[in-house]
Amino acid sequence: MSTVDKMLIKGIRSFDPENKHVITFFKPLTLIVGPNGAGKTVNHFFTPSPSPRTIIECLKLSCTGELPPNARSGHSFIHDPKVAGETETKGQIKLRFKTAAGKDVVCIRSFQLTQKASKMEYKAIESVLQTINPHTGEKVCLSYRCADMDREIPALMGVSKAILENVIFVHQDEANWPLQDPSTLKKKFDDIFSATRYTKALEVIKKLHKEQAQEIKTFKLKLENLQTLKDAAYKLRENVSQDQEKTESLKVQMQELETSIENVDAKIHHTETTLKDLRKLQDQISIKTAQRSTLYREQQKQYSALAEENEDAALSESFHSSLLICNGFFSSPCPDTDEELREWKTKFDDKIAILESNISKLEREMNDMETKSSFLKQRNNEYIREITRLQTEAEAHLSLKNERDSTIQKLCARYNLGTLPNTPFNDDLASNLTNRLKSRFKDLDKDLQDKKTSNDVEVKAAETRYWDANNRWKNTEAQQQAKLVIKDGILTRIREKEREHASYEEQVSHVNVSRIDEKEKTMQIEVERKTNQLAEREFESIIRQKQNEVFGIEQQIKSLNRERDILAGDSEDRVKLSLKKTELENHRKKHKKLIDEYKDKIRGVLKGRLPPDKDLKKEITQALRAIGAEFDDLNLKSRESEKEVNLLQMKIEEANNNLSKLRKDMDSRRTYIENKLQNLDQHSSSIEAYLKVLEIAKEKKDVQKSKYNIADGMRQMFDPFERVARAHHMCPCCERPFSAEEEDDFVKKQRVKAASSAEHMKTLAAESSNADSFFQQLDKLRMFYEEYIKIGKEIPLAEKNLQELSEELDEKSQALDDVLGVLAQIKADKDSVEVLVQRVDTADMLFQEIQTWEKQVDDLEYKLDFRGHGVRSMEEIQMELSTLQSTKDVLQNDVEKLRDEQRYMENDLSNLQIRWHALREEKVTAANLLRDVKKAEEELERLIEEKNQVALDEKDLSDALGPLAEEKEKVYRDHSDLKAKLEREYDEQKKQLDNYQREVDELLRIVSKIKEYNNSKKDQKLKEMQEKLSLSESQLQTCDTRKQEIVAELNKSKQAILNQDNLRRNIEDNLNYRKTKAEVDELTREIESLEEKILNIGGISAFEAENVKLALERERLLSELNRLRGTMSVYQNNISKNKIELKQAQYKDIDKRYFDQLIQLKTTEMANKDLDRYYNALDKALMRFHTMKMEEINKIIRELWQQTYRGQDIDYISIHSDSDGAGTRSYSYKVLMQTGDTELEMRGRCSAGQKVLASLIIRLALAETFCLNCGILALDEPTTNLDAPNAESLAAALLRIMEDRKGQENFQLIVITHDERFAQLIGQRQHAEKYYRVTKDDHQHSIIEAQEIFD
């Protein structure tokens, strides 16, 4: 049971935030007393809160985290910063308590209140739980958020937060909650009973039961649907099995046909191979024949061209002229063989290469000269721009120097710094003058600072004199005001003391001390007499003796009940034995029927064995595990095979796409080439004629080019031949001398031929250009033709790859079908075993229940066989029980009467003691009054003397104030005049210094720019730039001269190259003719060799006839094979269709889904029944708990009311609870009072005292009922609004409660009151050695003092 041990308070309400106040809670009573002036209510203008009540508030806040009512969000709960004179105050509450498990725990809550500019801010800054580690003995601290702490502490104390708030620690402002409005009362009781939580639980269970019922309907519909799908899946599996058997028989027939087809294919392949070789040889002959024809025509054309040239005399002369030119280059004689001609061509090419190399070098040098010239021009432009910029800066530098000199002259003349030389100044002189000006500025600034310092000293001295006079005047005035305040305070205290003295005298006049002494002695004698009477009756010993007798009778009743139960149990056991045997026989029949029904299937699974019942489930489970492993292995293989088939299908699709693309590309290129051919050559539009057309175009181009070159060579020889003939008078070719006539005829012929060759050259040039253009257009198609040929070669490879992939797919598909067939068989076996496992589980469960029933039957048979005999009859035992019960009731009634009589005498004695204590208190009060009258008279005399002395002091101070005020005003005027004069002088001097500083700063800026220009040496840079510009212009002129020389050399070399082209063309034509003739001879030899090979192999027609015969046989076999494949494909389509349908989502794992749905339906139905039972059980338990607790509470309330209330108008009170509606577990509450036979609602009909007493008694009853783990009860001002008799009876009731609980170690009653009389009645030494008094110190801070309790 939990209790509180100690509490520390600091900075809460009126408790000092700097000091700690600790209170220890005693057992069974902790009494805290505070007079009305100690802070019970807000009795001073700055008192934060009632102090004794603060203890209850701190206890409640520590345990529940709830602030007291009207705490203004904590602002009025923490010590006010304005009262403490601080901007921030901190409060702390430490509570040490024992948990319900007896463990010591310390709860620490800290707070902070800060005064902001316009508001106060409250903050809970720390929540800590401290405990001791039982293993190490170390202190352990756990920090919590406030919400977590508020949940943790009620759990540790073993009571709910509602009990702590509404029963144990109740604030005085909320103490009368049982008589508040119905909604508040209902909320309080619902929190105490935790009714809302359980009501919500019932609602959730009911809602869940309804949802589960709806789900059961849904599950049943799903189960029916799954049953239909399961039957459909079974039919599909049967169809698949039949189709697979038919497919196997067809596969055997197809294999035989495929073997025959393979043999025919082999023969066809051999024949086609031979035909292919023959056709290939024929094609080679055709190709080579066409090539020979082309080359032969080319040879004839070259020969014809050479013959025509040789017949022409001019040609002969031209050729000889060319040879002469050749002799100019080569030292060897004219060539006769091919090797000599090639040697001529090679050396000729070397010479041409040298000339071309020289031309390239000159061109590169020309480019270099161009680049260098461009670079030099660009650099000259940059030099010109830089020179222009430097000249501009030189002019600006000269202007700045002139401005500097004029500024120095002006400043020296204005500030009298001596005579200066004539301008312009050199840099050293300007620097010296500038330094003199800067030095003059420093001197002026120092003078200004000295002036300011001296002014400050004079003003400070005058100010000091003023403050001295002012302080003397203020001190005198303050002393005078203090004397006046003291005088007023003394007068007020004198008036208060006079009123107090008059009051004491009036009270003394009404007190008769002798009569009080006589009544006190009489009451003391009566108390002693009543005490002796109570002791003589010895109630406790008599009650204890009666209780022992009752205990002995109860033991006899228990013994007789056991004997009666044994007799009654015999017949009950026989009935049980009969029922259990019947149940055992039923289980055996069910088990045997189940085993007989599945015996054959079990033997089929276990290979003919039928194991014992106890091992049946184990062996079936092992068989299922083995089949499952085999099924998983095959399933894995089938998935791998399926992946391979899918991969091959993807490859085949890719190969098909690739083949289609190749064919499409080939067709597009064929169409493109044929369209182009048709546009270029109307006679040839087939792609096969492309090479032939290209060759013809090439031959035509070469012929036209050769004719043009020969004619061009001849034209170029006419003028040289004429010059040679005129100069040397001989033939230019054979060097035969001419006569004058022959020379004229030769020249004339040359001129005529030159004139006719010009027209011939134009015609040849046009024809050569057309032939070359035609050839170029055809040659552009060569790339497309080569791609066409390449694609034509790739297509057979792609077709072969596709065929290989198709064959591999057939093999993999066959393997997959085989695996799937075996897998389907294993799956069927596995499904049958799984169904068998369910039945075996049922059989095993029945077997286990049979063994349980057999054991129970054996136990009952043994019990009945060996039970003892010789007991009494049932009637005798029942009569004895009735007698003993009557005796027990009589003894209990006697005990109750003795307790009532003892309680009456104790109440009488208690009342006498209360009246005796009241007389003693009245006697002490009278003595205190007499002492207070004397003390008040002495205090009055002292205050009058003090008042007279203060009046004399005040008059002396008033006389001294006048001279001091005049002196203060005079000193203040002197200080103000001096300060204004000094400030004017300083401002004038400061203005002059600022003007001088601006002028010097401007001069320094100019000097800085001049110095920067000199440091950069820009004048030297200007000279360097001008020199560089001159050098660059001379280099540019040299470069231009070299360019002209290179152009002349380049033209000369190009002319030399141009004159050598004609001779090279003549040499090339001879070489081409000889090469073509050799190629024609080689092709003739190859054609003859191929024709000889064809004759050796045989004729093509015989092989073609054999191939046709074999093809017809193959077609017949393929037709038969395709028919079988068509039949098989129908079966396979059916199988695939059925398998695909079985793979659909609706049939996937249909057996497992059916079984899972069945289990889900059954388990949901069972769970829903359990929910219904739980709902009814919880509902009945809540009703029974509520009824029982309300009866217990009302019983305690009735007893306490009758013991405490001294009025005659109310017999007793009770709490009435009504259900809010049918079918709900929500209650409404009201407090009723019984007056005679009438029940009335107490709210609104009772006095304030009755309301306080009723609320207090209800709290005591709730504590007695619900605080089983927490023995704490705190009462805050329990006597509020109670008259004296009811307060005394309440004290007696509390004493009785403490007396009843004195054996209970953890009971704690905490009472806070300002009623000294009530405190004396309950504060007795047997319950507590000390009590606490709460008072205020001189600073109006609450303090807690422990004081002894005296009898």
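Residues: numbered from 1 along the sequence shown. Below, all heavy atoms of this structure are taken into account, side chains as well, without hydrogens, waters or symmetry copies.
Proximity of L1294 to L29: side-chain heavy atoms (C-beta onward) are nowhere separated by under 4.5 Å. Within the 4.5 Å cutoff, the side chain of T114 has no heavy atoms near those of the T87 side chain. Side-chain contact between I1272 and M157 is present, with at least one heavy-atom pair separated by less than 4.5 Å. F77 places a side-chain heavy atom less than 4.5 Å from the side chain of P68. Side-chain atoms of V4 and L95, non-hydrogen and from C-beta on, do get closer than 4.5 Å to each other. Between P81 and L113, some side-chain heavy-atom pair lies under the 4.5 Å cut-off. Counting heavy atoms from C-beta outward, V105 and R96 have side chains that stay 4.5 Å or more apart. Between Y1205 and I1210 there is a side-chain heavy-atom pair separated by less than 4.5 Å.
At least one donor-acceptor pair under 3.5 Å links the side chain of N166 to the backbone N or O of A162. Judged purely by atom type and a 3.5 angstrom limit, Y1332 uses its side chain to pair as donor or acceptor with the backbone of T24. The backbone N or O of S62 lies less than 3.5 Å from a partner atom in the side chain of R109, making a donor-acceptor pair. Judged purely by atom type and a 3.5 angstrom limit, T89 uses its side chain to pair as donor or acceptor with the backbone of H79. Proximity of a side-chain donor or acceptor of S1289 to a complementary backbone N or O of T1204 within less than 3.5 Å is detected. Looking at R1259, its side chain does come within 3.5 Å of a backbone N or O of A1274 through a donor-acceptor pair. Judged purely by atom type and a 3.5 angstrom limit, H75 uses its side chain to pair as donor or acceptor with the backbone of M120. Here the side chain of D1283 pairs a donor or acceptor atom with the backbone of N1286 at under 3.5 angstrom. Side-chain atoms of T1187 do not come within 3.5 Å of backbone N or O of R1184 as any donor-acceptor pair. Between the side chain of D1211 and the backbone N or O of T1235 there is no donor-acceptor pair closer than 3.5 Å.
When all heavy atoms of I1197 and A1261 are compared, the pair lying nearest together is CG1-CB, 3.4 Å.
In K1189, the NZ atom is crowded: over 12 heavy atoms of neighbouring residues, nucleotides or ligands sit closer than 6.0 Å.
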Evaluate side-chain hydrogen bond (donor to acceptor under 3.5 Å, both in side chains) for S110 paired with Q92, printing each intermediate quantity in order.
CA-CA 4 Å; S110 301; Q92 188 181 63; 3.3 Å; yes
Can you list the steps and then say if E1264 with K1195 is a salt bridge (charged side-chain N to carboxylate O under 4.0 Å, His left out)?
CA-CA 11 Å; E1264 183 78 17; K1195 180 181 177 183; over 6 Å; no
Test side-chain hydrogen bond (donor to acceptor under 3.5 Å, both in side chains) on Q172 and T1280 and set out the steps.
CA-CA 9 Å; Q172 185 184 7; T1280 302; 3.2 Å; yes
How far apart are the C-alpha atoms of Y122 and L67, what are their side-chain angles, what is the distance that settles it, and do they pass the side-chain contact (heavy atoms from CB on, under 4.5 Å) test?
CA-CA 12 Å; Y122 164 82; L67 287 167; 3.9 Å; yes
With side-chain contact (heavy atoms from CB on, under 4.5 Å) as the test, would you mind laying out the steps for Q1250 and D1209 before giving the verdict?
CA-CA 11 Å; Q1250 290 171 339; D1209 54 336; 3.0 Å; yes
With salt bridge (charged side-chain N to carboxylate O under 4.0 Å, His left out) as the test, would you mind laying out the steps for E174 and K60 before giving the verdict?
CA-CA 13 Å; E174 298 176 338; K60 182 176 180 180; 3.3 Å; yes
Given the rule in the side-chain hydrogen bond (donor to acceptor under 3.5 Å, both in side chains) test, do Q1347 and Y1331 qualify, once you have shown the distances and angles that lead to the verdict?
CA-CA 5 Å; Q1347 298 185 0; Y1331 72 96; 2.7 Å; yes
Check step by step if side-chain hydrogen bond (donor to acceptor under 3.5 Å, both in side chains) holds for S183 and D181.
CA-CA 6 Å; S183 60; D181 57 279; 2.5 Å; yes
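Here the straight-line distance linking atom CZ of R1198 with atom CD of Q1203 works out to 12.5 Å at 0.5 Å rounding.
When the options I1193, L185, L1262 are evaluated for a side chain to side chain contact (heavy atoms under 4.5 Å, CB included) with I1215, the one that passes is I1193.
Using cut-offs of 30° and 60° for the angle between ring planes, the W177 and F189 rings count as perpendicular. Note: H1341 and H1339 have tilted aromatic rings, judged against thresholds of 30 and 60 degrees for the angle between ring planes.
Under 4.0 Å is where a charged nitrogen must lie from a carboxylate oxygen, and between D104 and K98 at least one such pair does. Salt-bridge check for E165 with K188: failed, with every basic side-chain N at 4.0 Å or more from each acidic carboxylate O. E88 has no carboxylate O lying under 4.0 Å from a charged side-chain N of K123, or vice versa, which leaves the two without a salt bridge. A salt bridge does not link E1199 to R1296: none of the charged nitrogens lies less than 4.0 Å from a carboxylate oxygen. A salt bridge does not link K10 to E18: none of the charged nitrogens lies less than 4.0 Å from a carboxylate oxygen.
At least one test fails for K90 against the ring of F111: distance under 6.0 Å to the centre or angle within 45° of the axis.
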